[in-house]
2 protein chains.
Amino acid sequence: MTEIEKNARAQRVTASDVAREAGVSISAVSRVFTPGASVSARMREKVLSAAEKLDYRPNVMARSLMTQRTALVGIILANFHNPLYLTALDLFTTHLQSRGLRALVFNVSRGDDVVESARQVMQYGVDGMVIAAAAMSQPLVDQCSRQGIPLVAFARQPRRTRVNVVCADNEAGGRLAARAFIERGYRQLGYIGGPAATSTAYFREKGFRQALEESGLTLLGTINASAYTYDAGRAAAESLLTSHPNLDGVFCANDLLAFGTMDVARYRLGLSIPGDLGIMGFDDIELATADSYQLTTIRQPLQDMVKQTVDILGQRISEGDDLPLRKLLFPCSLVERATL
Amino acid sequence: MTEIEKNARAQRVTASDVAREAGVSISAVSRVFTPGASVSARMREKVLSAAEKLDYRPNVMARSLMTQRTALVGIILANFHNPLYLTALDLFTTHLQSRGLRALVFNVSRGDDVVESARQVMQYGVDGMVIAAAAMSQPLVDQCSRQGIPLVAFARQPRRTRVNVVCADNEAGGRLAARAFIERGYRQLGYIGGPAATSTAYFREKGFRQALEESGLTLLGTINASAYTYDAGRAAAESLLTSHPNLDGVFCANDLLAFGTMDVARYRLGLSIPGDLGIMGFDDIELATADSYQLTTIRQPLQDMVKQTVDILGQRISEGDDLPLRKLLFPCSLVERATL
DNA sequence: CTGAAAGCGCTAACAT
DNA sequence: ATGTTAGCGCTTTCAG
């Protein structure tokens, strides 16, 4: 426009600025900012003070071009309704940051193609990737392994895919739920699952059903909620409880679903909990402790799961991705409160 | 180790691989992958098929070195307890992605230094930044503007900092709450705020108190919860309600706090809501609709706020950062349910 | 221990 | 419309 240069992006201060200021070479500057390099104390001092003066910070992108490391970890997430995932994100970012890694998060909950999203994330040269979205496919896994990008499937159990997985033992969790119901005398049991496609819904139901059958009981009614939300839980509960009025217990695939079920039972149907109807949730979110719900639920050790995930990623990033595949199923535990 | 090259990071396929495969120059490949470049149909065809065959994807990092654009937007977040922020993150990532931008999220809830975190994010050459964490400081803002990185403060109102802000009009929201209480005959009002340092807590209380005083009332009791959580709400409510047993209404700075307050009132103190005690929340999270709470609350237009934030960022990223500063305060609305 | 030089993968003038 | 040439900001041999 005018003669004044219109720097849309004002120029950052670069290593060469620092080098000039300190009267040394560019490589000297680089060495000072490279952990394991050999620099004399005097050199380090000179460079550091020049850098400080100019407020210099190495450009990670440029660095990554040589080092092939970005310290970026892609997180592909589909579940933006379950409060558990806010906790998960909190833990992920915290653990990653403490290892000097950063989270590049990608939302695929609007029905985006997971494989395509993963590719876009890979274009940033991520050092690792965690997928907490339903669809895991072998092509995706292959692509990552071809590029040497460690990948872990978080909180899902892909059936035939060869990939690292960190997940709660949902099947055992389902069995645990069944046993708790049975021990307390409940016999007419129903199940409210999540969207049909999810592995979590599948395994929780499977374990629950199996344990029931081992005790000579059968699962009387089953319905899949359209989402893992309170409202979907209400809708599902309304349908299940009216079509199976004889039910005396309902196992819900997550806590939000359980809240919806409880409210339908109490306020629409006038049932008392746990007297007329026993309820069990899954996850143990913060509000499960609320007096209004006091939900008995199956807790997954989210903290440990996230830590493990980041550990696996971190280990592979630093030691190479040729370690054996790991499938970690974390044991769940029963948290007894007042709905059973 | 052996003679076999141990490619920790298997080599990606690069533009030059594609060029060789297609029998053209590297720049030709680059042009095909650059939106506004002039390439013949035949060339495009040749390159595209070679790229497809090799499964080539341009390296964003390398590209950014020349273009000075990364399509990365840093999101600095402190609030990983309020479910509202999961929704916000959902909206942010969705809107950003639809503009071809990606979210680099940084967690500062563990007491990390916001300025230092922002600098780390900037090392990735982010094209923009949104800060949804308490501490906004002029140095940080200056640093961004020096580097031409558009910045918006989201859901907070820094007092003396010259920065773009997108925030709910918390003060008006507080007034709205006060008026609702007054109209319904409540006269002995208390307030439960969030952590003292937050601008949201400050403005919500300010508006509430002012509107009360304009009507000749005074705010009888005030307490700041230690966090915006259910448990903190319980603790605060317990303290406030026992020290001020005459209160007939409590305005809570967010919905989780309100849930805690309701449960203490109902289950510890045996009060009926809204008969003995009226409760008002803030945010309108999903569970506010739950039968167990049916919370009357002040809704902030989160969807619009996020959209605006991304629009501002997007506009500045494409048109340069020399647009006038914008301070947008979004009107809140009263959502009437059953606690008032 | 330090500097010079090459190059990471890509884009952007500049020629043709 | 296409290829050639120079870098972007940094790391990393390689000499000395």
Side-chain angles (χ1 to χ4, degrees), chain A residues 7-48 50-51 54-71 122-127 147-148, chain B residues 7-48 50-51 54-71 122-127 147-148:
Chain A
N7 281 320
R9 170 73 112 256
Q11 62 271 19
R12 281 181 60 103
V13 7
T14 78
S16 94
D17 296 325
V18 177
R20 198 178 327 107
E21 174 75 24
V24 301
S25 75
I26 298 181
S27 358
V29 176
S30 170
R31 287 194 189 94
V32 170
F33 285 92
T34 302
S38 67
V39 208
S40 70
R42 265 198 62 239
M43 172 66 86
R44 154 161 289 116
E45 167 56 29
K46 269 196 297 187
V47 169
L48 247 27
L54 303 181
D55 194 27
Y56 166 76
R57 296 257 153 166
N59 177 329
V60 185
M61 299 307 185
R63 167 181 290 173
S64 81
L65 224 39
M66 273 313 290
T67 61
Q68 300 289 62
R69 305 246 95 91
T70 55
M122 285 196 257
Q123 290 192 264
Y124 283 88
V126 292
D127 289 347
Q147 304 205 179
Chain B
N7 281 320
R9 170 71 113 256
Q11 60 273 18
R12 282 181 60 104
V13 7
T14 77
S16 94
D17 296 325
V18 177
R20 196 178 329 105
E21 174 76 25
V24 301
S25 75
I26 297 182
S27 4
V29 176
S30 169
R31 286 192 190 95
V32 170
F33 286 92
T34 302
S38 68
V39 206
S40 70
R42 266 199 62 238
M43 172 65 86
R44 155 161 287 116
E45 167 55 29
K46 270 196 297 186
V47 170
L48 246 26
L54 303 182
D55 194 26
Y56 166 75
R57 296 258 155 165
N59 178 328
V60 185
M61 299 307 186
R63 168 180 290 173
S64 80
L65 223 40
M66 270 315 288
T67 61
Q68 300 287 64
R69 304 248 94 90
T70 54
M122 286 198 255
Q123 290 192 264
Y124 283 89
V126 293
D127 290 346
Q147 304 204 181

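The chains referred to below are lettered A, B, ... by the order of the sequence lines, with proteins before strands, and numbering in each begins at 1.
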Checklist entry - Rounded to whole angstroms, how far apart are CG on A/Asp17 and P on D/dC8? => result 11 Å
Next on the checklist: Taking 4.0 Å as the cut-off, does a side-chain nitrogen or oxygen of B/Ser40 come that near to OP1 or OP2 on D/dT2?
Outcome noted: yes
Checklist entry - Of the options B/Glu45, B/Arg44, B/Met43, which is the one that meets B/Val47 in a side-chain contact (heavy atoms from CB on, under 4.5 Å)? => result B/Met43
Next on the checklist: Rounded to the nearest 0.5 Å, what separates atom OG1 in A/Thr70 from atom CE in A/Met61?
Outcome noted: 8.0 Å
Item to check | Separation of A/Ser64 OG from B/Tyr124 OH (nearest 0.5 Å) | outcome: 9.0 Å
Next on the checklist: Measure CD1/B/Ile26 against P/C/dC8 and give the value in whole Å, please.
Outcome noted: 10 Å
Next on the checklist: What contact category does A/Val39 fall into here, base, sugar-phosphate, or nothing, at under 4.0 angstrom with non-hydrogen atoms?
Outcome noted: sugar-phosphate
Item to check | For atom CD of A/Glu45 and atom P of C/dT2, their distance in whole Å | outcome: 13 Å
Checklist entry - To the nearest angstrom, how far is A/Phe33 atom CZ from D/dT11 atom P? => result 9 Å
Checklist entry - With distance as the sole criterion, do the side chain of B/Arg31 and the base of D/dG3 form a donor-acceptor contact below 3.5 Å? => result yes
Item to check | Heavy-atom donor-acceptor pair, A/Arg57 side chain to A/Arg12 backbone, under 3.5 Å | outcome: no
Checklist entry - Reckon B/Ser30 touches a base, only the sugar-phosphate, or nothing at all at heavy-atom distances under 4.0 Å? => result base
Next on the checklist: Measuring to OP1 and OP2 of C/dG9, would you say a side-chain N or O of A/Tyr124 lies under 4.0 angstrom away?
Outcome noted: no
Checklist entry - A/Ala62 side chain: which of D/dT4, D/dC10, C/dC10 is closest? => result D/dC10
Next on the checklist: Can you tell me if B/Ser25 touches the phosphate of D/dG3, counting only side-chain N or O atoms and a distance under 4.0 Å to OP1 or OP2?
Outcome noted: yes
Checklist entry - Separation of A/Gln68 atom CD from C/dG7 atom C1', in whole Å? => result 12 Å
Checklist entry - Reckon A/Ser27 touches a base, only the sugar-phosphate, or nothing at all at heavy-atom distances under 4.0 Å? => result base
Item to check | Closest to the B/Ser38 side chain, choosing from D/dT2, C/dG9, D/dC10 | outcome: D/dT2
Checklist entry - With side chains defined as the heavy atoms from C-beta onward, is the minimum distance between A/Asn59 and A/Thr14 less than 4.5 Å? => result no
Checklist entry - Is there a side-chain polar atom (N or O) of A/Thr34 under 4.0 Å from OP1 or OP2 of D/dT12? => result no
Checklist entry - Out of D/dT2, C/dA4, D/dT11, which has the shortest distance to the side chain of B/Met43? => result D/dT2
Checklist outcome for this item: Between CZ of B/Arg44 and P of D/dA1 the distance, given in whole Å, is 11 Å
Item to check | Length of the CZ-C1' vector between B/Arg42 and D/dG3, whole Å | outcome: 15 Å
Item to check | Check: B/Tyr56 and B/Glu21 side chains under 4.5 Å, non-hydrogen atoms | outcome: no
Checklist entry - Considering only D/dT5, D/dT11, D/dG7, which nucleotide approaches the side chain of B/Met66 most closely? => result D/dG7
Next on the checklist: Measure CG/B/Asn59 against C1'/C/dG9 and give the value in whole Å, please.
Outcome noted: 6 Å
Checklist outcome for this item: By nearest-heavy-atom nucleotide on DNA chain D, the more 5' of B/Leu65 and B/Ala41 is B/Ala41
